[in-house]
Each structure stands twice: as C-alpha cells, then as structure tokens.
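Residue numbers begin at 1 in each chain, while the letters A, B, ... track the order of the sequences. All of these numbers come straight from a predicted model, not from anything done at the bench.
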Amino acid sequence: MRAFAYHQPSEISDAVTLLTSVEDSKVLGGGMTLIPTIKQRLAAPTAVVDLAKVPALKGISDDGETVTIGAMTPHAVVAASPIVQARIPALAQLASEIGDPAVRNRGTLGGSVANNDPSADYPAAVLGLGATIITSAREIAADQFFLGLFETALQPGEIITAIRFPVPLAAGYAKFKAPASRYALVGVFVAKLAGGVRVAVTGAGPGVFRVAAMEQALNGSFEPTSIASIKIDAAGLASDIHAEADYRAHLVTVMAKRAVAAASR
Amino acid sequence: MQISFTLNGRATTVDVDPATLVSDLLREQLNLTGTHVGCDTSQCGACVVHLDGVPVKSCTLLAPALDGATLLTIEGLGATAGSNGLHPMQEAFREHHGLQCGFCTPGMVMTATALAAANPTPTEAEVRHGLEGNICRCTGYQNIVIAVMAGAAAMHATSAGE
Amino acid sequence: MGQVIGIGAAPKRKEDQRFLTGRGNYVSDIKRPGMTFGVFVRSPHAHAVLRGIDKAAALAAPGVVAVLTGEDVAADGLGSLPCGWGISDAKGVPMKEPPFPMLAQGKVRFVGDMVAFVIAETLEQAKSAAELLSVDYEVLPSVVGVLDAVRPDAPQLFDDVPNNVCCDWELGDKAAVESAFRKAAHVAKLSLVNNRLIGNPMEPRAAIAEYDPGKSHHTLWTTSQFPHVVRFLMSALVLKLPEHKVRVVAPDVGGGFGVKQFHYGEEAVITWAAKRVLRPVKWVADRSEGYLSDRHGRDHVTEAELALDENGKFLALRVKTLANMGGYLSTFGPNIPTNLYAPLLGGVYTTPAIYCNVKVVFTNTVPVDAYRGAGRPEATFVVERIVDVAAAEMGIDRVELRRRNMIPKEAYPYQTPVLVQYDSGDPMGCLDGALVAADVKNFGVRKAESARNGKFRGLGFSTYVEACGLAPSRFAGRLGARGGLYESATVRVHPAGQVTVLIGTHNHGQGHETTFAQIVSDKLGVPFENVDIVFGDTDRVQFGMGTYGSRSLVVGGAALSKAADKVIVKGKKIAAHLLEASEQDIHYESGKFSVAGTDRVKTIEEIAGAAYVPHNYPLEILEPGLEEQAYYDPVNFTYPGGCHIAEVEIDPETGIVTLVNYTAVDDVGTVINPMIVEGQLHGGIVQGVGQALYENAVYDDSSGQLVSGSLMDYCVPRADHLPMMKVATHSTLCTHTPMGVKGCGEVGTIGSPAAVINAVVDALSHLGVTHVDMPATPNRIWRLLQNASLPVAAE
C-alpha cells in the first residue's frame, strides 16, 4: 500500500490533536472500510490514527435506562454481550448479522456509524432506537446525526467515543441480505420506546431514514398487519443491479412487518 | 516500525512499514505463503488467520495491529495438535474431501477451527452460516460442511481426552 | 509396505497434505532473485481510439524499470494472440478474424483491454507509475449486448467486420426441419437468455517470467490449465521464439473452470518484458482486475422452437442463437457457441431433425470463451427448457413427455442428426434412479406443507447428455480445430519399482495425483504410495494438451493406461528372459510376471531391477530401462449424462428462491475414485446453481462499464445458499475409452441450470409464469409476480 504515517494514541485528546493537525489524516477504527479503500488506491491518507489502543473507547455498560457501547467495540463483542442480549436483543442480533465472522471480529460500532454507508446495519439501530452519539466534543441525537450518503454531523477531527442506546420496550431488526456483499439490501429496525415507535430503514435509500406513516400506524397498534398496506414512495430510493427502486420500496414494507413480528416475539 | 508478536507459537520481532497488510507481511516478508489472497474486497476469506484466538481477514488488517498480539496461521495450526502434523480439523478436511484446488483451504480451515472452538457441536445450518465469509468455488461446500462438523467433534474428543 | 489401491477405491488424496498445511506452491507464492513487479494499465473505456501514450512521467517515477506499449510490441514485430479454432459459415466462408494484439494498438475494444505494462522495483512503485501514464483516448460509442451489436446502426468494433458478425454459422438439415414443422401438431416456442458469467477460480491469475541470456532461455510460471499449449502458441505465433528455448511451468493452480485454459496476452507480455529488462518480472491480478480480463462465459440470446406430433413425439428442433464473443477472439472463443453447442441439441431424445444457426458477434466486452461446460450447458438449457414448455402447453406430464422421446438404452450407439454419435448411455435408468432418490412421489406432500407456510414449491427435471473428452483430433480438425487434442503420458518405473508418471494434463483441484496413481497402482500392481504424478512443467513433461472439457481422465488417463500396458509388454519380455521361458508363456497379473502353469514368478520390482542393472538381460533385442510413453487420440467424444432434479421454495413476499433439495444421478462411465467423482459433481452442480440463481456479469449499456465488477456485486454461491445434495452414479461404460471412463468434470454444471429454472417455473406455473431468465434473482421473481397479478396481455 502507499505509505502513510501511523499513530496509535492512547488518549482521545491525542487522537483529536493528530486528526486536526495532520492534513489528510484518517481515523482507523476496525478498518473494514478504510483499509480496502486505501488498498484499492481510492484514498491516500498521509496519516492513519489508529484508535485500537484507546482504552476509553471500549466497553459496554448498562445504567438501567440505557446501554452504552464504546465506539471501538467489535460487532462480535456486541453480538455476544450478555448485557446487550438481555437489554436490547435486537441490537445483538443485528450485530451478529453484519458481514461475516471475520468482519465481525474487527469491524467496530463507531467505525460503522461514522462511515454511514447507506447499506450498513448499525445506522438502522442507532436511528431506530433514537440513540445518542457521544463524540470527543459533544453528544448528538441520532435524528441529527445521519445526513445522507456517507455524510454525518461529525466535524473534522471529531471522534465518536460511544453510543448510548435507550432500552426499548420491544425492538426487532429484519434484514434482506445482499447475497454477495452481505450488506443490507434493505434492513428495517423497529423499536417500541416509552416515547413511541420508531422505524428506521437502511439499504433502501441514500442513507438511513425513518418512516413516519409506519411509526404512526404502529403507535396505534404494534402489529405487522398495521403496516402491511403502507407503501413507501420508490422515488429517491436506490436502484441497482440487485434491486430496482420499486422492489426496494416493496421490501421496506415486508422487512418492517418482519421486524415488528420479531419485536413482538 | 518494529513490532513484536507471537507467530505460530514463536516470539517474533519484525521491522515493517506500517502501511503493510498482515497478508503481505506474512507472504512477502516472512515467507509464510499458506495465507492466500483471493480478492480485493474482503469477501473471499482465503486470508483468514487467528488474531488473539479469533478469525480475522489478514488482507484487511494493518501490520501494527499485531504488536503484542498472538497470531496463528495455517502453517502453525498443525503444530498445535496431532501426530502427523495435522490438526483434527485439517485431518477432517482430508478425510471428507473438503478441498479440491486448495486455494481457499487455509482460510476455510482457520475459520472452521475458530467456529468449532466456539461451538463444539455446530449444526449444519450453523456451519453454513459460519462459513459465509469464506468462498470456495470447487467443492460446492458440501464436503466442507461435513468436514467441519466432523472436525468439531474430533477437536472436542481430543480435548476431552486430555 | 504400502498396498495396491486400484480402480474403484476411494483413497484420501495425495495432494491434500501440502494444501492443508499451507505448503502448496502457487504462482503468486514464487519469488525469484532480482524480481521486478509489473502492472497492466487497462482501458477505462469500452471503445476508444488510442491517440497516443506519453510515457515520460511514468518513466521518471521512482523505481520504474520499463514502460511498454503496443507500439513497442509492433516495433519488435510480435504476433497477435491466436485463435485456436477457425469456423466457417454455411457457404464455407471463414470467420472474420481480426488481430488481437497483446497490448492494444490503434484502438481499445473493452474496459480492461491492455494498453501498457509498467515494470518497477516494487509493486507500489509500479502502481504509482501506472497512474502517471498519460493515455490520450478518443472515446467512441460502444455496444455490449448481442441484440444491439447486430443492429445496422451499431458501433462497429472492426472496420472489416460488418455488423460485428464474426461468423453466421449453421448446423443441421434446414429443409428437413422446415418440412417437419409444416407437419407438426404443436410447436412450442421459447425465447431465452443464457446469462454471462465470470469463472472465479479462487486463485486470481498470475505470471512470472525470467530470461537467462547465457542460454537464451525463457521461463514462464503461469496459472494455466495447459502449459504446453501456452508454450506452443506463445513461442510459435506470438513471440516467435524457438520452442525449445521456452519453458512454461504451471505449478499448483487454484482452480480453473476454463478461465485458465487460454493463452492470455499477459503471459506473452511478461515473457517478452523479462528479456527486455533482463530481470524476472512478476504480475498477480487482483480479483477486480480479473473481472476485467479473465475470459467470461456464456452470454447467448436464443429463440428456440420444438415441433411435436399429436402424441408429443418430437419432430424437429430449430434454434437461432446470438453468441457474444466480446472484443476479440480468445483461444477457443468461436468454437464454444458453435461446435460445442449445436451438436448437443439432440439431448437424450430421438428428435430426427435439428437445425441451428448461430451468429457469433463481437461486442465491447471482455472476450468470451469456455467456462465449465462451455456450450453444453447452453444447449442443455435450451433443450430441457423447451421440453418443459411443450409439456405444459400440450398438457402432458413433463416426465412422461421426456420418456416418450428418450433414446432407449438398447438403441445405442445412437446417431443424432447433429454430427455426434452417442456410444452408450441409459437416460431412462438415470431418470428412474433420480425419481426414487429425489422422493418425487411425495413431492405433493412437501408442496402442500410449503403452501401452508405461504411459500410456493417447485420441482424441476433435467435429463441431459454432454459430449466431452476433448477430443478426436481428426473430427475436431474437420470442425475447425487448428491443433490436435490427444494426450500423452510417460510411465517411468524406477530401479526399485517406484513409479513417476509424467502427464500432459494439469491438476488444479481434480485430484489427478490420486486418481492417476490409482490407475498405475491397479495396472502395475505397485503400492499406491509408490506412484507420483508429475504435471505442469514443459521441461519435465514431454507434451500435453492440458486439462479442460472433462478430458483429463478420458484422454490423459487413456494415454496413461496405454503407457502402463507398454510397461507390461516390455516387462513380459524381460520376465521371459529371466525365467527362461517363451514370452507367449508369460502371464501377467497384479505386478507379477509368471510362467503359465508354474510357480516361477518375477515381481515388477525384480523386473525393474533387471532393466536398470542389465547384467542378466537380453541386450541384443531389448533396451535397458523401464520407461514407456504413449500418446492417445480418442476415436469419439464421450457422452456422460444423467438426470438432475431440483426442488425449490419461493417466498412470494420477497421473491427469494431457496434451493431446498437437489438430486443428481449421473452416468460418468467407470468410476476410478468415487470420493473424487462425488466432489466433482458437487462443485459442478453448485456452479450451475450459481448461474441459475445468483451469478450475472452485467455491463452498463451506455458506458460499457462492467457493473458487477467485484465479489461485492457478482454473487459466487456461499455455503448458506445451498442444501445438502444427493449425488449418485448410474454408469454405462464408454465403449471406446480404454477403461470405460466418460469424464465427470462438467456434468454437474451442464445438467443443473435447467433443473433449477424448471423448478422455479414449476413453482410459479399456477400464476401463468412460463419462463424465468437466469439468474432467478429475488427482484426478477418479484417483478414476475407483480406482472402475473395483472391481466394477461394478448400476444
């Protein structure tokens, strides 16, 4: 690969300093996107700031109301976490369906959310649960965080340190897995929270989004049948060799129903 | 930079450019060519090794991640168990014809041993799901699945007998 | 002391120890002293005039050793990449055969066409320099699909190939077919697409070349299925080198499936470049580069019509196909959709008249050539689909319609109306066996169970035959082959009785080191462990045509069998001398030469010892040593076949098709190693399932870019896409190969696509669905279901 300077800070503040002081520096989480991008010469950072040795970015905690997961926690650890399995089983299940076993051992929550790939799984859970993104500078509500295709509210040099997920009354995730890439062709996360139902969709559009009509219907009755006839507009949805936009629109309803069914179990 | 790690049971220190993939470090610098590279998008799994006991894709891992860690490659697997230099999982692949051209085999075996270590009695469905990140073009997977189930049983029997 | 392990046994494979322990020796594992690294600069455009290349910046980049382009190729007077087959149209006019320069000259014709080769001290330096190469393209309109390519206003790839048609080829008695159609009670029609595929052996292609100026000698290590053919084509026709000064080595090769049975421009460029820079040069493709340069497979658009009488008896078949050749003619390119396609349109049926017209068409895509099955899966798909269409339209059960038209076992040898004569077979036996193995009688119960879960279940049949064991040279020559298709083997018995076999086929997953050792162990009575098989090195192996077309055992194994017979013949002469008997009285069995009716015996080890230490030896009439060589040229193709039954379940909500059961009963002739045969069937079936359900090489119509450009978008089947398959053999023996073998490498891929799609159509037939194109993706199924719920439009 093309050469770059490599830094492995142990404090978040040092990482931020490196990222803001070195032009074209990139933050390295699990590397599942960054490394292939550099390898294929689609990116040429001058420096890579590896967060692997920052202890403050690891760990999973439960305060009764919320579960907080460190940004550098790998998907496999989330999937296997007794806390997550007990408190937000849909999130553990989602983590267990990302990529493949080797990817899950390296890929991290923070990396996935910061990258905001339109087909990634985690953004659906973060938006669906109305989680809070904790960064090196502030806290950002999920509704304000995802800004479309690979775009987020993160400022240059701002690092996600953890994500705080409210514990829902019920939640479910249903994923239509793209057969080759294993990304979500369409994935729907549905959560019933004290403040109402949230429905978040990944894979279908240029970024994760909520479906207000489904949320309203499910606030009325949290049953798959409540949303069976709600069709979302295909305009603006992704269309590619795997799924045309109207098919994706159809799948949103199908996966939403299945997510509700999973949440109800 | 200099990194130190345990490679196939031996303390190893190498001088490496940080912009080096572990797969390249193994193949080009350390002459351990059993770890294969079959794609450029982290899909095929031919490069799977164990980093601190869990399977990872060495083509999507920077060499500095090895510092202070324990790395096991296909070349070191057989040395950990067995009389003819074959790990029970390797033996099961041989017994059940779980390989043809051999190119995906090292990654397949490394994924399989990790799977079986975590789940001593995997079902067929669990094995198939566990192999979703390893592509084989020759076997149609059938004999690989059979081999992994048999290998898991053999690993369990071996460790129970110790 | 090891034991004899012969034909029919299933020893574990000899090759496994090195592969399982990471000690295989693939091309990318090889390092040479002073090695440099090469990168190919490939066209980003599908069609463009190459106005000029400015090398200056690339040459000035750090570590750069050389930058080579098509101009350098032309300046050195090098030849074009050859096509190994020359086909002709009905009037005998030869196909259009435009040159295929190893580095583009004047024009580029597909995304991935090679424009330059950059060599540097390190791979990174070569990549960086390649990015600095300034290429001036004048982009032209491009065409990627065959239907578009033959339109009068289509972009023209070559000035002297009107309408992009390479050849308008035909086979069969057109008048007889037309007459039969006039008498038909029913005509079934079907339009179909045979989807374009990328072979995807797990090892990407790679090559290393070096030149020894002291000996004027070239060595090329390459990921090839046929190193001798590469040496011949490259030396004689491209680089114009004396063949004895070129060594081609294909060591362990990580899968081929056809992708590695062509002479590629990269091989010639690297060999040429290594001499120019006087350093070893290495190139390893990454997967995405492979997608832009490995020859693709299939890509047909076909119209088929089947004429039947009132009882459902097939009267005639008429097939019109447009076959995509891509931007240039590859090594076997034009042979695949013609000679390996139309002769199989008879299937296992007694159809008396068949006519097939194939337009072979150039497009701005990667050249298309053989991929596992090569022509025969396409033919099988046409035949087995249209039989189902006819059955549905005439209200005749699909299995019954097949039975009414099947060639009965006793009718073999059977001459078809399309050149080939099947020597043996029992399609009815395979069908009967598969019906039982697949538990077809309880399918209704399973279908009802699926329906209760809201799923559609379908069953699909494919009763098929293929032609393999390529090939009888004389026959192939009449069809346009420019080379022979025999095979060679040497059996070298060492002084202590161990055996080395030197064979011209190439083992890249098929288990030859095991199967061939069984043949020798069986014939010579030597322990299995005492036989090693050498292949893949032109300096060690005498000659060979390599491995493709399910030919290794059929043709190579036959040569090996003949060579072993010659060893026995010589052994008898030696034994006669040692035992002081007449040669006619020497009886040979299982490694023992005895005088008939006595207990006087010499073992093969003793014979070998005498041959190499000829103190007591008939030197006047016999040479010392015990080594024999044989070349074998088959008298006919072999015709494996069988019956495949696929069972699918469809989720109408998502359109996902799940293969739930798969049964294959195949006739592959004599089985040498049942474990290996089963493995070949498994792998072959899954490649066919991949074509039917998952795989598709897709080009963008307007830009000519390959959209399915990596393993992220091209779906090679995964373990979790598949059920456990049931495979079995129901063998009749080939009547003309020495051991009765027929070959098994491709049958799985040939029989399966039709079985799977027939099952998908069956599952949806209650909705009026009569055909589904491949791959039957969820999107495609959902679309069909959407349309099915609409009123059926009048034709």
Side-chain angles (χ1 to χ4, degrees), chain B residues 19 24 27-28 31-44 46 73-78 84-87 89-91 93-106 109 124-125 127-146 148, chain C residues 10 12-13 15-26 28-31 124 199-204 252-257 284 286-289 507-511 675-676 678-687 689-690 710-712 716-722 724-725 727 748:
Chain B
D24 287 337
R27 294 180 51 78
E28 308 303 330
N31 287 316
L32 291 173
T33 55
T35 297
H36 295 157
V37 177
C39 78
D40 44 6
T41 53
S42 315
Q43 305 285 302
C44 82
T73 72
I74 190 71
E75 289 91 346
L77 186 68
N84 60 350
L86 291 186
H87 181 277
M89 188 60 76
Q90 290 168 316
E91 191 68 58
F93 269 67
R94 190 175 118 85
E95 180 67 25
H96 297 281
H97 189 29
L99 67 155
Q100 289 183 22
C101 82
F103 196 80
C104 78
T105 306
V109 168
E124 182 198 330
V127 171
R128 289 185 183 278
H129 180 61
L131 296 178
E132 69 177 320
N134 290 79
I135 301 178
C136 170
R137 191 58 156 167
C138 293
T139 64
Y141 302 100
Q142 182 142 328
N143 288 345
I144 292 178
V145 173
I146 292 167
V148 175
Chain C
K12 304 313 163 200
R13 298 198 322 167
E15 40 275 81
D16 288 356
Q17 182 78 21
R18 67 179 186 274
F19 294 145
L20 282 166
T21 54
R23 286 171 180 84
N25 180 38
Y26 300 89
S28 60
D29 298 341
I30 295 170
K31 297 180 180 70
E124 282 310 303
N200 275 296
M202 290 320 297
E203 178 203 27
D252 286 329
V253 169
F257 317 115
V284 180
D286 59 30
R287 177 67 48 187
S288 304
E289 181 180 13
N507 182 25
H508 39 276
Q510 298 87 344
M675 176 189 83
I676 287 175
E678 276 195 18
Q680 289 294 306
L681 296 175
H682 290 158
I685 289 165
V686 168
Q687 286 187 350
V689 170
S710 78
L711 277 170
M712 298 279 279
V716 171
R718 310 290 175 96
D720 59 358
H721 289 140
L722 301 158
M724 284 293 179
M725 299 163 269
V727 302

Okay, Tyr141(B) and chain C: the region with an atom under 4.5 Å from a heavy atom over there is side chain
Under 4.5 Å to a heavy atom of chain C? For Glu124(B) that would be side chain
One option among Gln43(B), Glu28(B), Met89(B), Glu132(B) has the most heavy-atom pairs under 4.5 Å with chain C, and it is Gln43(B)
In terms of heavy-atom pairs under 4.5 Å with chain B, the winner among Arg13(C), Glu289(C), Met675(C), Gln680(C) is Arg13(C)
Residues passing the side-chain hydrogen bond (donor to acceptor under 3.5 Å, both in side chains) test with Thr73(B), sequence neighbours excluded, are Asn8(B), Glu75(B)
Do side-chain atoms of Arg94(B) reach the backbone of Lys12(C) as a donor and acceptor pair under 3.5 angstrom?
-> no
*Tyr26(C) and His36(B) aromatic ring geometry - parallel, tilted or perpendicular at 30°/60° bounds*: perpendicular
Per-residue tally against chain B (heavy atom, under 4.5 Å) across Gly511(C), Gly684(C), Ser28(C) peaks at Ser28(C)
| With distance as the sole test, does Gln142(B) use its side chain to make a donor-acceptor pair with the main-chain N or O of Met725(C) at under 3.5 Å? | yes
Of Cys39(B), Pro106(B), Gly34(B), the largest count of non-hydrogen pairs under 4.5 angstrom with chain C goes to Cys39(B)
Most contact-rich option vs chain C, by heavy-atom pairs under 4.5 angstrom, among Ile144(B), Leu32(B), Asn143(B), Ile146(B), is Asn143(B)
Correct closest heavy-atom pair for Leu722(C) and Gly140(B) would be CD1-O, 3.7 Å
Checked Cys138(B), Gly130(B), Gly133(B) vs chain C; the most non-hydrogen pairs under 4.5 Å come from Cys138(B)
From the list Ile676(C), Ile685(C), Asp252(C), Val253(C), the residue making the most non-hydrogen contacts under 4.5 Å with chain B is Ile676(C)
- Sub-3.5 Å donor-acceptor pair from the side chain of Gln17(C) to the main-chain atoms of Glu15(C), do we have one? no
In terms of heavy-atom pairs under 4.5 Å with chain B, the winner among Gly690(C), Pro717(C), Gly748(C) is Pro717(C)
| query | Is a side-chain donor or acceptor of Arg718(C) paired with a backbone partner of Leu131(B) at a separation under 3.5 angstrom? | reply | no
Pair count under 4.5 Å, heavy atoms only, with chain B: among Gly255(C), Gly24(C), Ser288(C), Ser710(C), highest is Ser288(C)
Bottom line for Thr41(B): the part with an atom under 4.5 Å from chain C's heavy atoms is both
Of Gln90(B), His129(B), His97(B), the largest count of non-hydrogen pairs under 4.5 angstrom with chain C goes to His97(B)
Between Gly254(C) and Cys101(B) the two heavy atoms that sit nearest each other are C-SG, 3.3 Å
Counting heavy-atom pairs under 4.5 angstrom with chain B, the leader among Asp29(C), Asp286(C), Asn25(C), Val686(C) is Asp29(C)
Closest heavy-atom pair, Phe19(C) versus Gln100(B), reported as atoms and distance to 0.1 Å, is CE1-O, 4.0 Å
Per side-chain contact (heavy atoms from CB on, under 4.5 Å), Thr21(C) is matched among Leu86(B), Ile74(B), Val109(B) by Leu86(B)
Honestly, the part of Val37(B) sitting under 4.5 Å from a heavy atom of chain C is backbone
